[in-house]
Amino acid sequence: MASTVSSPKRGTDTGATQRPQDLLTKEDHLAVLQQLYLARYFDVRLIKEKRRGRLTGTLYSSHNQEAILVGSLYGLKSTDWISPIHRDMPAFFMKDMREGWDRPSRKGMSIEDLCGQVWCKATSPGRARDNWSHIGSREHHIIHSTSMLAGTIPVAAGVVYADRLNGGDAVVLTYNGEGSTAQGVFHEAINFAAVHKLPVVTIIENNFWAYGTPNHLEYSQEDFARRADGYGIPGTVADGQDVFDVYDKVMEAVEYARSGKGPSIVECKTYRAYGHGDHDDDRAARYRPTVDESVTYRQMLEMGRQRDPISVAKKRLVELGYLTAEDATRYAAEGKHATQTTDEDFPPEVVDYIKRGVDAATQAATPPAEEGAMWVFREGQP
Amino acid sequence: MASTVSSPKRGTDTGATQRPQDLLTKEDHLAVLQQLYLARYFDVRLIKEKRRGRLTGTLYSSHNQEAILVGSLYGLKSTDWISPIHRDMPAFFMKDMREGWDRPSRKGMSIEDLCGQVWCKATSPGRARDNWSHIGSREHHIIHSTSMLAGTIPVAAGVVYADRLNGGDAVVLTYNGEGSTAQGVFHEAINFAAVHKLPVVTIIENNFWAYGTPNHLEYSQEDFARRADGYGIPGTVADGQDVFDVYDKVMEAVEYARSGKGPSIVECKTYRAYGHGDHDDDRAARYRPTVDESVTYRQMLEMGRQRDPISVAKKRLVELGYLTAEDATRYAAEGKHATQTTDEDFPPEVVDYIKRGVDAATQAATPPAEEGAMWVFREGQP
Amino acid sequence: MSNTLTADPSAPIKKNYLTGLKEAIFEEMEANPNMVCMGEDIGILGGAFGVTEGLQEKYGSQRVIDMPISEACIIGAAVGMALNGKTVLCEMQFIDFISCGFDQIVNMMATYHYRTAGEVSMPIVIRGPAGAYSGGALYHSQMNESWFLNSPGIKVVCPCTPSDAKGLMRAALRDPDPVLFYEIKNLYRLGKIEEEVGGADAIIPLGKARIARKGHDLTIATYGQNVYHCLDAAGVLSTEGIEVEVIDLRSLKPLDMATIQASVAKTNRFLAVNEAPMTCGFAGELVARVTDTCFEHLDAPPARLTRMDTPVPWAKALELHVLPSIEDIVREARRLVKY
Amino acid sequence: MSNTLTADPSAPIKKNYLTGLKEAIFEEMEANPNMVCMGEDIGILGGAFGVTEGLQEKYGSQRVIDMPISEACIIGAAVGMALNGKTVLCEMQFIDFISCGFDQIVNMMATYHYRTAGEVSMPIVIRGPAGAYSGGALYHSQMNESWFLNSPGIKVVCPCTPSDAKGLMRAALRDPDPVLFYEIKNLYRLGKIEEEVGGADAIIPLGKARIARKGHDLTIATYGQNVYHCLDAAGVLSTEGIEVEVIDLRSLKPLDMATIQASVAKTNRFLAVNEAPMTCGFAGELVARVTDTCFEHLDAPPARLTRMDTPVPWAKALELHVLPSIEDIVREARRLVKY
Ligand SMILES: Cc1ncc(C[n+]2csc(CCOP(=O)(O)OP(=O)(O)O)c2C)c(N)n1
Ligand SMILES: Cc1ncc(C[n+]2csc(CCOP(=O)(O)OP(=O)(O)O)c2C)c(N)n1
Ligand SMILES: [Mg+2]
Ligand SMILES: [Mg+2]
C-alpha cells in the first residue's frame, strides 16, 4: 500500500523534495499524537457508552481511521470548511484544534456541543432534530451532513464558490467513504468544481468495504483516487494509517486548491476496526473473503490492528527523536479493541477533555416535544 | 482534431495496424455513402416540412453529424441494441440497414413507422404518446428514450446485463451529447457497467455546444473521452466528420465489449449545422465566442460545412478508386443549408425511400382521443 | 387604453408575463449584491425562453452561472451558497427536469432550516417553465408541485398574470425559505393577459389569494393557466344564470384558506381545478381542507377536476382528453350547482 | 396455539413479517428463473435487515446483485432488464434513499408502458424499509408514498401483517406493472404479530383491503403500523361504547374504494390515518374520495390524522409529537362520533 501520486496536472508541484510534514515542529508532532489519542478515546468512549445502553442510534466507529481526520485537519486555516459524514464524528470537535483545544475563537465545535448531539440533548447544535453525525455549524464552518451519501459535495462546492465571490480563500474538505463515490451527485459536483477550479478537496476514506460490499463491486480500479482522472484533476493516494502521510497529501491538495488551481481527490487507504455500524459487528465478522480470496474480513481487521495509526505515529516520533521509546509505551491504546482499553491507556488530559463533553451532555435537558413542529420555515408554518 | 487513442487497458488491442475499415469492401463503402445521403435527406426533409408548418415539436437537426450515426451503426449485429436521443433521429430507421433497406428481418424501425412518429400519427410505434425522438422498439432492439439526458444509459446497461444472463452476446450503443455527460446517472451507469464489464459502448457526440453552453463550461478537459479514465475503461476520440474513422473506433469498442472486456467511450468530434433546435437558429447565430475567442459560433458552423461528412466520405471513396471524381459530383448535397438543397442533390432511391415514409405518415390517422387515458397500467387503471 | 395608432405617452405600459418575471429578477439582482443565478444555458443563451436574457452581460458570469447539465448539483451548490450567505435563483430549464435534482431539494434544501433548528435558512428560489396544453408531451408539460407540497419545508408559488409573476417573484426572492416557482410557459408571451406590472417596489406577498371573478353560486379554487379556463367557463355559466367565484390561489404553500373559506361560506359549493394528476394532487388537498373547515356550509360535495392519473401525452387530442377543459369545468359546475 | 413448552408438531407455525417477505422472495426466485434481485448489500451481507439473507448463496451473484451505492442506476438497470424480459426486485436500503433514484422511477420506469402504448411492461418491484416511530430521524423514517401516488404508472403497496407481507410480495412480483412496496421496518421482527403466512401459493391480490376490526360508529382507513395504533385506539373507544371499523388498506394503488364506501355507508363517519406529512398526502386523497362518493352518507366531515407537515425529528419526544398517536386517534374518533 505504498502511497502513490499520479496527477496529470500537478507535475512540478509534487516534484519538490520537501514534504509538508518536514515543516512540522516537535510540538506539532506531539500535538498530532495527542489528537490521535483524542479521536480514539472519543470513539472508544462512545462504544462503551453505547454498550451500556446510554446512547441511541447507530454508531459508525472511526476507530483505526483517525489518522485521516487528524492528518487532514491539522493544516487547515480557521476559515476553511469541512464536511464530515457518518464515520467522521471526531472531526466535528477537532476542526481547528491546532489553534488550541479551548480557544473560543477556534472554528470547531466544542466537545460539549458535540456530546449534546450524541446524547440527543437540547444542547446539540441541531437540538437533536437529526441524528448522530447529521449536524454542522455555519459559525464553525462545518457543513451539516444528511444521510444521503455524497450529498454534501455540491453543497461544499457552493460554499467555496460563495466564499470566492466574497474574495475569500477558503478551502473545503469533504470526507467520503469510497462507496459513496458511486453516487451520481459525486460526479456532478466534482465536475462542476473542476470546471470552475473550486477549492474542493475530496477525501476518500477507502476502508475496503461499503457496509457489506467490497471494493471490487463498487469500482473497477484499485485506487479510488483514479476517479479524479475523469475530471482532469489530481488524485493521490495516502497511507491512511500514517497521519503524516495524510497530512502531506492533504496539505498539498489544500495548497493546490487555495492557490486557485482547483479541486483534487485524496484517497486514504484504511481499515474498519469493526462492522459497518455497531449493530453489524457480528454479521461483518462473517463476511466472505474479498476479491483477494486470501484475505478474510477477520484478517483485514487484524491488519488494521497491526497498523494502528497511533503505533505508526509513535514509531515516527521515536525515529525523529521527539519521543523516547519509554514515553512511547506510556499510553497503550493502540491495537486494542475498544472494550479492552481503559482510561489509563490514554493521556489524562485527553480523558478529561472528553469527560467534560460527556458530563455536560448527560446533565443537559432533552428538547421539549413541541420543538418537533418548529423551524420547518423561518417564519412559523403556513 | 486528430483522432487519438488513449486507453489504459487496451494496449495491444489498438496496436494492430489493420483497421476495421480496411476490411470493408467497395460495396460497403458505397453503401456507407448512400446511408450518409439517407440520413442527410431525412433531416433536410424534416427541416423543410417543419418550415412548411406540417410538423409539431422541436426539431434537433442531425445535419453534419450523420457520420457518427452511419459509422457507428454500420458494423453492428442485428441482435445488438441502440439507444438514440434527440439528435439521432435517423438512427431509428438506419439500425441494421446493412442487412438491406427493407428486409423484414432487419432490426431497425421502418421509415414508415418513424415518420408516423414524427408526423404524430397512430402509426407511430408509441402511437404519438411521447414526442419526436422519444420512441423505441423492443422488437427492433431500440431503447425508448425520454427527455432526461443520460437517462437511458443505466437502462442500456440493464438490457445487456439481462442479455448476458440469457447467454447472449449483444452489445449496446448509447448516443449522448457531450453535455449530457455531466448528469449523475451517466456516472452511476458507466461505473456499474465497468464493474461488471458490461458491453456498453457510450458514444459522445461532441458538437462543442450543449444548447447554449460551450464545452469549457461543461467539462474541464478538452476531450470528453477522458471521462472514461475515471472508470479505468478505454476512451477514444474519433473524427466525427469521417464516417470511416467513426466506424473504426466504434467497431473496436464493440469488439472489445463483445469479447467480454467491458464498456468504453468513443467521443466523436463534430459540429452542429444550426442552433440547438429549430426554434433556436437565430439566437444561436448570436452566441458569443467559445473559449477559443478567435472562433465565433458562425465560424464554427462554417467549419462544419467545410468538413461535411458527405464530402469527407466522397474524398475517401475517390482516393480508394471506388468512386470516380465525376460520380462524386453527381449529387451535391454537401456543404449546403437544408433549405438550399433540392431533391436532385440526392440519389433518387434515397429520396424515394424517405418519400415512402412521408407519404405513409401524411396518410395515416391520428390516434383517437381516448387513447390518452390508456396504457397507464397493463391491466386497465385502478 | 385606446387602440389608436398615436401613442399616448401617459398610457400605462402593458407588459407580458415573461417581462414581469424578468423585471423582478433584474431588479433584485441590482438591489441584492448577494444574489446569484444558476442554471443551464441561462447566461450566454439567456435561458431557453429568454427569461434571463441580458442578465449575464449585466452581472457577469460569476453571478449568472451557466451550469453543466447537472440539476442535482445546481440545487446542491445553491444550498452551499445559501449556507454561505447568498440568495440563489435556480432555473430548471423545464420544471420537468427537477426530478433529476429531487433528492437535493427534498432532503437537503427543504430540511436545512429544520435540521439546524433555525441556524441556517435557505433563501433559494427554484423557477422553471411548467404546465401542459402546449403539446410538450410527458417531459415538457408537468405540474409536479404535489411532490414538493408533500415534502415539508418548501413554499410553492404559481402566478398566472404578469403583475403576479413580477410581484410574487420578488416576494420569493426576498423570502428566507426555499420557494418553488412554477412559471406557466404558455403564458410567457400571451398578449391578451398583458398588463401593467408595477415598478421596482411591486411585491405580492406569498400566501394571499386573488379573487379573479366574483360570484355567489360556486367557489372554484385554481391556479396557473386553469384560472383562464375557469374564467372562460364562468363566462359561459353566467349566461345560464350561474355566477361562479373564481379564486386564483397564486401561492399553494402558504395557502390562503381564509379567502377560500369566506367564499365557500357564501357560495356553499366548492370545486378545485388543476392540471396535475389527480391522486395525491393539490386539488384533493383543497377538497380535504374545505371539507374539514367548511363542512357545515356545504350544500354539495366539494369536488375536483384535474388531469387524469396519466402522463401528459403528445398528440393534441390525447392531451386535451386527459386535461380539464372549459367544457369539463362548465359541466362540473352545473352538476354542483344543481346538486 | 398453546403456550406450553412441549412443542405440538401439528401446531401452526407462526412467522414474523420479515419471514413472510423472505419466503415470498425465495419462492418467487425459485419459480421464476427470469427474476433478478438488485440492491446495495443484498448479497454478501444479505441486506441491512437480513431480508435477502442467503439469497445470493442460493441463486448466485448474477441473479442477486450487490450494487454500487447508485440508486438511480439500480432503478435504471432494472428498467433495462425488464425491457429485456426480466422480473426485477430492487431493494432501497431504506425507502428514504429512493429520492436518489427518483427521476428514473417517475419518468423512466413509471411511464414506460404508457409511452410504448403497451409494448413494454415493467414487472419491477421496489421494496424497502419504511416508517417512523423508531428514532430513525429524517432519513430513516420516511413514508414518501405520496410522491409516487401522484406519479402515474406506479402501484403502491404497504402490508402490516406477516401473511400480507408474503401474499402481497408475491402478487407484486407477479404483477406486470411497477410496484412500490413499503415494508414497515418496525414490524419486521415484532413478535406479537407473528402468524401463519401460507405456503408457496399464498397470494393476496393488490387492491383488496382488509377489515381489521368491525364496527359501526366510525370508519377508519389506514395502513402500515398505524393499523395497530388504530386497533389499539378502537379497543379504548370500545370501552366507551364507540365501535370503530378499522380498514387496513394494504394497497393504496389500486385502491379498494368499494370496501371503504360500504363501510362509510354503514358508519356515516370517516377518518383517514397515516404517518406521511399532511399536505398532498394519501390521507387527504382518501378524504377527497370519500367526500366525492359518500357525501350523502356523511354525518360528520371526513377527517384525517397524519404526521404534521414536518420532517421526522430524532429525539423521541419530538418524533412522537409530530406523528399520530393512539391518543390522537381516540380524541379524533370521539370528536367525529359526537359531531
Ligand atoms: C444515497 C444513499 N444510499 C444508501 C445509503 C445507506 N448506506 C449508509 S452507509 C453505506 C455504506 C457506505 O460505505 P462507504 O461510503 O464506503 O463508507 P464507510 O461506511 O465504509 O465509511 C450505505 C450503503 C445512504 N446512506 N445513502
Ligand atoms: C436532465 C435534463 N436536463 C436538461 C435538459 C434540457 N436539454 C435538452 S437538450 C440540452 C442540451 C444537450 O446538449 P448535449 O448533450 O451536448 O447534446 P446536443 O444537443 O448538443 O446534441 C438540454 C440542456 C434535458 N433534456 N434533460
Ligand atoms: Mg467504505
Ligand atoms: Mg452538444
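Proteins get letters first, then strands, A, B, ... in listed order; numbering begins at 1 in each. For clarity, every value in this text was computed on a predicted model and none was experimentally measured.
For the pair B/T213 and C/E40, the minimum side-chain heavy-atom distance is 4.5 Å or more.
In this structure, C/W314 and B/V118 approach most closely via the heavy-atom pair CH2-O, 3.8 Å. Scanning both residues, B/A210 and C/I69, for their nearest heavy atoms gives CB-CD1, 4.0 Å. C/M308 and B/A373 make their closest contact through SD-CB, 3.5 Å (heavy atoms, listed as atom of the first residue, atom of the second, distance). Here the closest non-hydrogen pair linking B/G372 and C/L318 is N-CG, 3.5 Å.
Neither the backbone nor the side chain of B/H279 has a heavy atom closer than 4.5 Å to any heavy atom of chain C. Contacts between C/Q93 and chain B at a heavy-atom distance below 4.5 Å involve the side chain alone, from C-beta outward. At a 4.5 Å heavy-atom cutoff, the contact between C/A315 and chain B is made by backbone and side-chain atoms alike.
If you take NE2 on C/H140 and OG1 on B/T58, they are separated by 7.0 Å, rounding to the nearest 0.5 Å. Note that CG of C/D66 is 12.5 Å distant from OH of B/Y211, once rounded to the nearest 0.5 Å. The CG atom of C/D41 lies 7.5 Å from the NE2 atom of B/H276; values are rounded to the nearest 0.5 Å. Of the inter-residue distances, the one linking C/Y139 atom OH with B/H134 atom NE2 reads 7.5 Å to the nearest 0.5 angstrom.
Residues of residues 176-192 of chain B placed with any heavy atom under 4.5 Å of a heavy atom in chain C are listed by number as B/G179, B/S180, B/A182, B/Q183. Listed by sequence position, C/D96, C/F97, C/S99, C/C100 are the residues of residues 95-106 of chain C in contact with chain B, using a 4.5 angstrom heavy-atom cutoff. Residue-level contacts of residues 143-151 of chain B with chain C, in order of numbering, are B/T146, B/S147, B/M148, B/L149; threshold 4.5 Å between heavy atoms.
Contacts with chain B were tallied for C/A48, C/P311, C/S134; C/A48 has the most, counting heavy-atom pairs under 4.5 Å. Contact count versus chain C (heavy atoms, under 4.5 Å) is highest, among B/E370, B/E218, B/R127, for B/E370.
With sequence neighbours excluded, the residues forming a salt bridge (charged side-chain N to carboxylate O under 4.0 Å, His left out) with C/E23 are C/K15, C/K166, listed by chain and number.
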